[in-house]
Amino acid sequence: MATRRSGSSDVRQVATETVALLQPLANRRGCTIALSARAPAVAAVDVGQIRQVLTNLLMNAIQAMTEGGAIRVSVDVAPDASPPPHVKPARGWIAIHVRDEGPGIAPEILAHVFDPFFTTKDVGEGTGLGLSIAFGIVRDLGGWIDVHSRIGRGAELVVHLPQAGAA
């Protein structure tokens with residue numbers, strides 16, 4: 001496990017550790033998690049916070065795929081990322097993609113996925129705080145999360161973080 005708690009951290013390493021931690025649970029639910037992390041992806045982050053963000057995104061993906069399936073996680077530099085107006089521009093971005101093969105997110109639900117206590121899960125399956133917490137952490141780190149979904153084809157959440165030294 002990573003020992004560095006804050007400062008510049010390789011997001012690839014955090015993703016590798018988080019995937020390894022959650023793979024046994026994914027396997028029990030009939031899911032696989034594949035990680036692709038090619039380029040150096042160093043961001044000024046707290047390792048524990050990024051681990052929490054990734055854990056929340058991966059748990060949602062695992063739970064969404066009630067029939068099993070593949071989750072694809074990729075970490076890369078995103079030079080063409082275009083931040084929304086409320087995000088302070090940076091000279092470079094890291095993108096963490098989490099894609100699942102679940103049912104997708106209905107358009108009327110997309111607007112609420114980051115709302116605290118909003119959940120579509122059964123009682124006992126979730127609190128509705130995972131994505132809200134992830135959103136807050138990423139916002140506090142100077143980034144944002146994009147959500148893409150196609151009904152019947154899965155969902156993709158993309159976390160954008162400023163590269164170390166790029167703010």
Side-chain angles (χ1 to χ4, degrees), residues 1-6 9-43 45-76 78 94-107 109-141 143-161:
M1 293 297 212
T3 56
R4 177 175 283 165
R5 297 296 302 162
S6 61
S9 299
D10 187 343
V11 177
R12 295 173 307 167
Q13 182 64 31
V14 179
T16 299
E17 294 167 357
T18 306
V19 166
L21 178 70
L22 294 176
Q23 188 65 65
L25 173 65
N27 291 343
R28 285 193 299 277
R29 305 265 319 227
C31 301
T32 60
I33 306 173
L35 174 64
S36 170
R38 296 176 293 276
V42 178
V45 297
D46 178 284
V47 169
Q49 288 181 321
I50 292 306
R51 185 173 292 122
Q52 183 171 2
V53 167
L54 285 169
T55 297
N56 290 345
L57 298 183
L58 286 167
M59 287 301 298
N60 277 355
I62 292 166
Q63 291 173 341
M65 296 191 309
T66 57
E67 303 295 318
I71 300 166
R72 290 171 187 80
V73 178
S74 65
V75 179
D76 216 335
I94 302 295
I96 307 166
H97 298 257
V98 177
R99 297 178 195 96
D100 68 51
E101 296 176 336
I105 305 168
I109 292 173
L110 275 175
H112 301 286
V113 296
F114 298 118
D115 292 352
F117 303 108
F118 179 81
T119 185
T120 59
K121 297 175 185 169
D122 292 334
V123 174
E125 284 289 315
T127 62
L129 289 173
L131 289 180
S132 176
I133 289 169
F135 178 86
I137 290 170
V138 171
R139 180 196 61 222
D140 290 349
L141 292 171
W144 76 96
I145 303 176
D146 286 328
V147 182
H148 310 282
S149 179
R150 292 189 355 194
I151 298 300
R153 310 251 351 237
E156 176 181 29
L157 282 86
V158 184
V159 175
H160 298 274
L161 299 168

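- In this structure, Arg99 CZ and Ser149 OG are separated by 13.5 Å, a value rounded to the nearest 0.5 Å.
- In this structure the side chain of His97 reaches within 4.5 angstrom of the side chain of Glu156, judged on heavy atoms.
- One finds the OG1 atom of Thr18 at 9.5 Å from the CD1 atom of Ile33 (value rounded to the nearest 0.5 Å).
- Scanning both residues, Pro103 and Ala64, for their nearest heavy atoms gives CD-O, 3.2 Å.
- Expressed to the nearest 0.5 Å, how far OG1 of Thr55 lies from CD of Glu17 amounts to 11.0 Å.
- Ala106 meets the side-chain contact (heavy atoms from CB on, under 4.5 Å) test with Glu108, Ile109, Ile151; sequence neighbours excluded.
- To the nearest 0.5 Å, the span separating CD1 on Ile71 from CG on Leu22 amounts to 8.5 Å.
- In plain terms, the two heavy atoms of Ala70 and Glu101 that are nearest each other are N-OE1, 2.9 Å.
- Smallest separation of non-hydrogen atoms from Ala95 and Val158: CB-CG1, 4.1 Å.
- Taken to the nearest 0.5 Å, the CD1 atom of Ile62 stands 9.0 Å off from the CG atom of Asn27.
- Leu141 has its side chain within reach of Ile50: a pair of non-hydrogen atoms, C-beta onward, lies under 4.5 Å apart.
- Counting heavy atoms from C-beta on, the side chains of Asn56 and Ile137 never come closer than 4.5 Å.
- Taking each heavy atom of His148 and Asp146 in turn, the nearest pair found is NE2-CB, 3.7 Å.
- For the atom pair CG of Leu58 and CZ of Arg51, the computed distance is 12.5 Å after rounding to the nearest 0.5 Å.
- Between Arg29 and Met65 there is no side-chain heavy-atom pair separated by less than 4.5 Å.
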